[in-house]
Amino acid sequence: MKIALIGYGKMGKEIEKVARSRGHEIVCIIDINNQEDFESEAFKSADVAIEFTNPMVAYSNYMKAFKAGVKLVSGSTGWMTEHGEEIKKLCTEGGKTLFWSSNFSLGVTIFSAVNKYLAKIMNQFPNYDVTMSETHHIHKLDAPSGTAITLAEGILQNIDRKDKWVKGTFAAPDGSISGTNDCAPNELPIASIREGEVFGLHTIRYESDVDSITLTHDAKSRGGFVLGAVLAAEYTAQHEGFLGMSDLFPFLND
Ligand SMILES: NC(=O)C1=CN([C@@H]2O[C@H](COP(=O)(O)OP(=O)(O)OC[C@H]3O[C@@H](n4cnc5c(N)ncnc54)[C@H](OP(=O)(O)O)[C@@H]3O)[C@@H](O)[C@H]2O)C=CC1
Ligand SMILES: O=C(O)C1=N[C@H](C(=O)O)C[C@H](O)C1
């Protein structure tokens with residue numbers, strides 16, 4: 001398959017290696033300095049473009065790729081709040097294709113399904129309050145992480161007493177959160193920690209007066225995100241519309 005890369009940073013470079021190792025051809029690499037290549041024949045020849053850039057430029061990259069008629073896979077975070085509905089509509093009604101996920105790793109995909117299942121159970125137990133924390137490397141531009149927002153949405157959909165997430169400010173150094181001291185009962189706080197070169201650590205914590213239940217996903221490298229993005233590209237070449245991990249792994253729909 002012919003793949004174009006948009007964004008050639010930490011993710012783009014690792015995706016190039018894994019895509020080549022799976023027999024794919026990289027036909028074009030677009031970074032901040034060669035934006036004119038969106039109009040090149042090489043870019044237009046791609047079966048799929050894989051986009052990992054940043055919250056400020058992702059939307060405009062999508063529009064350029066759509067204009068060139070190239071299907072997209074993207075893991076860029078932080079753009080959904082402003083442009084999510086418009087992009088979804090372009091894909092569901094406008095004939096464009098984007099596979100987007102806040103986290104492409106299989107581990108987080110499983111974690112996310114367990115999170116929803118646990119939230120359904122905890123809906124029956126109001127004596128537990130729920131908090132989240134996420135820790136990432138110091139270069140990360142957005143907070144909370146896209147993964148944390150997706151996990152929070154999974155909780156809000158399933159726990160009636162919570163209806164919005166808010167930025168939390170009281171995480172302990174080990175990632176645990178000591179209470180919901182500056183939150184209303186209907187709010188789910190997410191604390192963001194930026195530390196060293198951490199690849200991605202997400203913790204969901206339910207706490208009552210007598211005990212706590214903690215779910216954690218800890219990425220050991222970018223390997224899981226990278227493989228997931230390439231698998232998503234292979235899937236996207238054969239499918240259309242607004243796609244996500246529940247298309248790639250239908251067990252998530254159970
Ligand atoms: N969904 C997932 O599984 C994952 C998502 N992410 C997300 O992916 C994004 C990228 O992460 P990461 O690779 O670590 O970030 P990096 O900063 O390492 O890489 C981003 C690259 O995009 C380049 N860039 C900036 N503007 C443009 C533009 N207009 N067009 C093309 N390229 C551009 C940057 O260039 P320059 O440095 O010169 O600005 C940089 O090389 C982030 O939003 C992150 O949150 C990350 C990991 C996993
Ligand atoms: O910026 C990162 O590095 C990551 N970003 C994604 C996010 O915002 O959730 C996914 C992963 O945690 C790594």
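Values below: every heavy atom of this structure, side chains too, minus hydrogens, waters and symmetry copies. Ligands are counted one by one from 1 in listed order, and the atoms in each one are counted from 1 as well. The first residue of the sequence shown is numbered 1, and numbering continues consecutively from there.
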Distance under 4.0 Å to a non-hydrogen atom of G7: what atoms of ligand 1 satisfy this? 22 (O), 31 (C), 32 (N)
Could you list which atoms of ligand 1 come closer than 4.0 Å to a heavy atom of V57? 26 (N), 27 (C), 28 (C), 29 (N)
Assess whether a salt bridge exists between K44 and D37, defined as any Lys/Arg side-chain N lying under 4.0 Å from an Asp/Glu carboxylate O. no
What do you reckon, does G146 put a non-hydrogen atom under 4.0 Å from ligand 1? no
Pairs meeting criterion side chain to side chain donor-acceptor pair (under 3.5 Å) with involvement of residues 142-158, two or more places apart: T77-D142, S102-T150, N103-T147, K140-D142, S145-H202
Do protein heavy atoms approach atom 22 (O) of ligand 1 to less than 4.0 Å? yes
Please test R194 against E134 for salt bridge (Lys or Arg N to Asp or Glu O under 4.0 Å), starting from the C-alpha separation and ending with a verdict. CA-CA 9 Å; R194 297 291 171 261; E134 55 96 356; 2.9 Å; yes
Would you say S102 touches ligand 1, if touching means a heavy atom closer than 4.0 Å? yes
Of all protein heavy atoms, the one nearest atom 5 (C) of ligand 1 is G75 O, 3.0 Å
pair K71-K96: side-chain heavy atoms closer than 4.5 Å: no
If you measure every N/O of D31 against every N/O of ligand 1, is any gap under 3.5 Å? yes
Any nitrogen or oxygen of I6, main chain or side chain, under 3.5 Å from a nitrogen or oxygen of ligand 1? no
May I ask whether M56 has any heavy atom positioned less than 4.0 angstrom from an atom of ligand 1? no
Numbered atoms of ligand 1 (with element) below 4.0 Å of F225, judged on heavy atoms: 3 (O), 47 (C), 48 (C)
N or O contacts of ligand 2 with protein under 3.5 Å, please list pair by pair.
from: ligand 2; atom 1: 1 (O); to: K140; atom 2: NZ; distance (Å): 2.9
from: ligand 2; atom 1: 3 (O); to: H137; atom 2: NE2; distance (Å): 2.7
from: ligand 2; atom 1: 5 (N); to: K140; atom 2: NZ; distance (Å): 3.2
from: ligand 2; atom 1: 8 (O); to: K140; atom 2: NZ; distance (Å): 2.7
from: ligand 2; atom 1: 8 (O); to: G146; atom 2: N; distance (Å): 2.9
from: ligand 2; atom 1: 9 (O); to: G146; atom 2: N; distance (Å): 3.3
from: ligand 2; atom 1: 9 (O); to: T147; atom 2: N; distance (Å): 2.8
from: ligand 2; atom 1: 9 (O); to: T147; atom 2: OG1; distance (Å): 2.5
from: ligand 2; atom 1: 12 (O); to: H136; atom 2: NE2; distance (Å): 2.6

State the atoms of ligand 1, each with its element, that fall below the 4.0 Å cut-off from a heavy-atom position in N54. 25 (C), 26 (N)
Can you sort out the partners of Y235 under ring pair (Phe, Tyr, Trp, His ring centres under 6.0 Å), two or more places apart, ordered by chain and number? H239
Does ligand 1 have a heavy atom under 4.0 Å from the side chain of N61, from its backbone, from both, or from neither? side chain
Taking atom CD as the centre, does E82 end up with more than 12 heavy-atom neighbours from other residues, nucleotides or ligands that are less than 6.0 angstrom away? no
Between N186 and R161 (side chain of the first, backbone of the second, donor and acceptor by atom type, cut-off under 3.5 Å), is there such a pair? no
My understanding is that we take every heavy atom of each candidate and find the minimum distance to atom 4 (C) of ligand 1. Doing that for F52, F199, Y8, W79, which one comes out nearest? F52
Quick test of your reading of the structure: of Q35, K13, E51, H139, whose heavy atom lies closest to atom 30 (N) of ligand 1? Q35
Taking distance alone, with N or O pairs closer than 3.5 Å, would you say G12 contacts ligand 1? no
K10 N/O to ligand 1 N/O under 3.5 Å: yes
How about CD on Q35, more than 12 heavy atoms from neighbouring residues, nucleotides or ligands closer than 6.0 Å, or not? yes
Identify, for atom 46 (C) of ligand 1, the protein heavy atom at the shortest distance, and state residue, atom and that distance. M11 CG, 3.8 Å
Mark up the atoms of ligand 1 that fall under 4.0 Å of a heavy atom belonging to K140, in ascending order. 45 (O)
Mutual orientation of the aromatic rings belonging to H217 and F111 [parallel < 30°, tilted 30-60°, perpendicular > 60°]: tilted
Please determine if K13 forms a cation-pi arrangement with Y8, meaning its NZ or CZ atom is less than 6.0 Å from the six-membered ring centre and no more than 45° off the ring axis. yes
Presence of salt bridge, R20 and E16, under 4.0 angstrom: yes
Sequence neighbours left out, what passes ring pair (Phe, Tyr, Trp, His ring centres under 6.0 Å) with F225? Give chain and number order. none
Within a distance of under 4.0 Å, is there any protein heavy atom near atom 38 (O) of ligand 1? yes
